Amino acid sequence: MLVHALLLSLSVGGDALGLPGLRFPWEERRLADYDLRVVLADAPAAAPSTPPAPAPAPAPAPAPERPSAPATPTTEAAAAVLAMPAPEPRAKVVVTAPGADTAAVRRDEAAQSRIEQDARERVLAAEQRAQREAARAEAERLALARQESLRQEEIRQEAMRQEAMRQEAMRQEAMRQEQARRAQLAAQEAARQEAARQEAARIEQARQAQREAERQEALRLEQSRLAEQAREDAARRERERAEAARLEGERQEVQRREQARQEQARQEQARQEQARQEQARQEQARQEQARQEADKRELARRERAEQEAKREERLRAIGRQLDQEAAQRDRESRAPTSSGLRRGWLFGRADPNADLIQYAQAMGRKIELNMTYDLVRDALRQGHVSPVVTVAVRADGSVEKVTFVTSSGVPALDEAVRKVIASQAPYGAFPPALARQYDVVEIRRTWIFDMAIRLE
């Protein structure tokens, strides 16, 4: 663009001699003094006027975001010259004196024609110079626009660089904060480990102190035991001494009473015989009692065997009932029921149907949290097992039936469980998604009684 601007600024032609060169527009005079000679003559026929030269098209308006090139005096002068209308040919005015020479008139006419020709050439040269000035101004405007675009690009690059620097600073700040957070976490972990170590040391010291106290207590007890044993030994020795003195006195008394004893020996033999007979009678009674105890143990063993047989029979009945229920569920799942109700079963904690799991949990919480333990408190005093109960609930929350898969073994407790289930009905309507699938849901749970009722 700069080379084109230089080429357009060259001045070609003109009155100067030599090679074309660079000229500034203001070095040339826009208006020149034309030599005009007025000759009075008869006016010839009017020649048709030539239309004025069209004004050059204005330069296109620049984009709003880029500033336009400032107007220069040269550009304004060129525009003024271009806007001037071309000179129209006028009628020749020939001023002659009476009896003037015709040759002189012709010379004047030729001179006037040359003057007009020179004027037209000057106007044409001015128009060309104005066009060159406009082209140069346009080139300058384009150069300024290009410089502005380069400046805007530099600004954008600078903004991008600053944004990259800001993001890098933010990333470094985030890394610094992350390192600080990790350091803080490491410090917290070290502090926690130190606290745990101190707590372990404290517990170990407490244990050692407790072991030392136990050892001291054991030593005190051992000393007390030894002192008590010493006292007992002293008392025993005193008793032995007294016993020896007593035996000596008895020996003397025996010697004194020997005669009487011999006299009484016969009576004593008779008494011993009587005692032997009494002992034989007691031995016979003891044997009879042992036989009765053996009979009782045999009876208890038989009762336990009968109870075991009953329990086995009950378990077999439960198994048959489970098989029957499984077969019934199989039949119900394969064919529509006589009542036309859609039934669902939940026999554990896991099931693909989340709505069914939530409904069973809500039902269990209602039974566990509503003070139902008082209904079974009295029946729990008897020996029992944890019953397995199946509750069939309709879509409106009412109870259809209660089935004991495994009985508790205590009819009163089974009846109390039925009362608990009935006391908490209804259990709430099925959620819409569950109601669209089933009309009746059977939920099986194991009932556990400790300090409250728990369903598992």
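None of the values given here were measured: they were computed from a predicted structure. Numbers here simply count residues along the sequence, with the first being 1.
Checked for salt-bridge contact, R181 and E178 meet the test: a charged N lies under 4.0 Å from a carboxylate O. E368 has no carboxylate O lying under 4.0 Å from a charged side-chain N of R365, or vice versa, which leaves the two without a salt bridge. Using a 4.0 Å cut-off between a side-chain N of Lys or Arg and a carboxylate O of Asp or Glu, E204 and R211 qualify as a salt bridge. Looking at R291 and D295, a side-chain N of the basic residue comes within less than 4.0 Å of a carboxylate O on the acidic one, giving a salt bridge. In summary, E140 and R136 engage in a salt bridge, as defined by a charged side-chain N under 4.0 Å from a carboxylate O.
Using a 4.5 Å heavy-atom threshold, the side chains of R445 and L346 count as touching. Side-chain contact between R151 and E148: present, with at least one pair of heavy atoms (C-beta onward) separated by less than 4.5 Å. R304 has its side chain within reach of R301: a pair of non-hydrogen atoms, C-beta onward, lies under 4.5 Å apart. In this structure the side chain of Y438 reaches within 4.5 angstrom of the side chain of N353, judged on heavy atoms. Side-chain contact check for V376 versus W447: every heavy-atom pair is 4.5 Å or farther apart. When side chains are defined from C-beta on, S423 counts as touching L375, because their heavy atoms get closer than 4.5 Å.
Side-chain atoms of Q259 and E263 include no donor-acceptor pair closer than 3.5 Å. Side-chain polar atoms of Q208 and E212 form no donor-acceptor pair below 3.5 angstrom. Judged by distance alone, the side chains of Q193 and E189 do bring a donor and an acceptor atom under 3.5 Å apart. Under 3.5 Å, the side chains of E158 and Q162 contain a donor-acceptor pair of N or O atoms.
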Dump the intermediate steps for side-chain contact (heavy atoms from CB on, under 4.5 Å) on R146 and L150, then the final yes or no.
-> CA-CA 6 Å; R146 181 173 174 277; L150 291 175; 3.8 Å; yes
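Taking all atoms of both residues into account, the shortest heavy-atom contact from F347 to E442 is CE2-O, 4.2 Å. The two residues D355 and A433 make their nearest non-hydrogen contact at OD2-CB, 3.1 Å. Closest of all the heavy-atom pairs between A392 and R343 is CB-NH2, 4.1 Å. Closest heavy-atom contact between P387 and S408: CB-N, 3.9 Å. Of all heavy-atom pairs between R342 and A435, the closest is NH2-O, 3.1 Å.
Here the straight-line distance linking atom CG of L8 with atom CD of E138 works out to 10.5 Å at 0.5 Å rounding. One finds the CD1 atom of I367 at 14.0 Å from the CZ atom of R454 (value rounded to the nearest 0.5 Å). The CD atom of Q252 sits 11.5 Å away from atom CG of L247, with the distance rounded to the nearest 0.5 Å. Rounding to the nearest 0.5 angstrom, the gap separating the CD1 atom in I155 from the CD atom in E153 is 10.0 Å. Interatomic distance, Q289 CD to Q282 CD, rounded to the nearest 0.5 Å: 11.5 Å. Rounded to the nearest 0.5 Å, atoms CD1 (I443) and CH2 (W345) are 13.0 Å apart.
Between the side chain of R418 and the main chain of V402, a donor-acceptor pair closer than 3.5 Å is present. Although no hydrogens or angles enter the test, the distance criterion places no donor-acceptor pair under 3.5 Å between the side chain of R436 and the main chain of P431. A donor-acceptor pair under 3.5 Å is absent between the side-chain atoms of K401 and the main chain of T390, judged by distance alone.
Residues in residues 409-434 take part in these ring-ring contact (aromatic ring centres under 6.0 Å, His included) pairs, two or more places apart or across chains: Y359-F430.
Other residues, nucleotides and ligands contribute at most 12 non-hydrogen atoms within 6.0 Å of the CZ atom of R182. Within a 6.0 Å radius of CZ in R171, more than 12 heavy atoms belonging to other residues, nucleotides or ligands are found. At most 12 heavy atoms of other shown residues, nucleotides or ligands fall within 6.0 angstrom of atom NZ in K419. Other residues, nucleotides and ligands contribute more than 12 heavy atoms inside 6.0 Å of the CG atom of L124.
In this structure, the side chain to side chain contact (heavy atoms under 4.5 Å, CB included) partners of E214, at least two apart in sequence or on a different chain, are Q210. Residues satisfying the side chain to side chain contact (heavy atoms under 4.5 Å, CB included) criterion with D396, sequence neighbours excluded, are R394, S398. Every residue meeting the side chain to side chain contact (heavy atoms under 4.5 Å, CB included) condition with E222, not counting sequence neighbours, appears here in chain and number order: R225, L226. Residues satisfying the salt bridge (charged side-chain N to carboxylate O under 4.0 Å, His left out) test with E306, not counting sequence neighbours, are none. For the salt bridge (charged side-chain N to carboxylate O under 4.0 Å, His left out) test, no residue two or more places apart in sequence or in another chain qualifies with R207.
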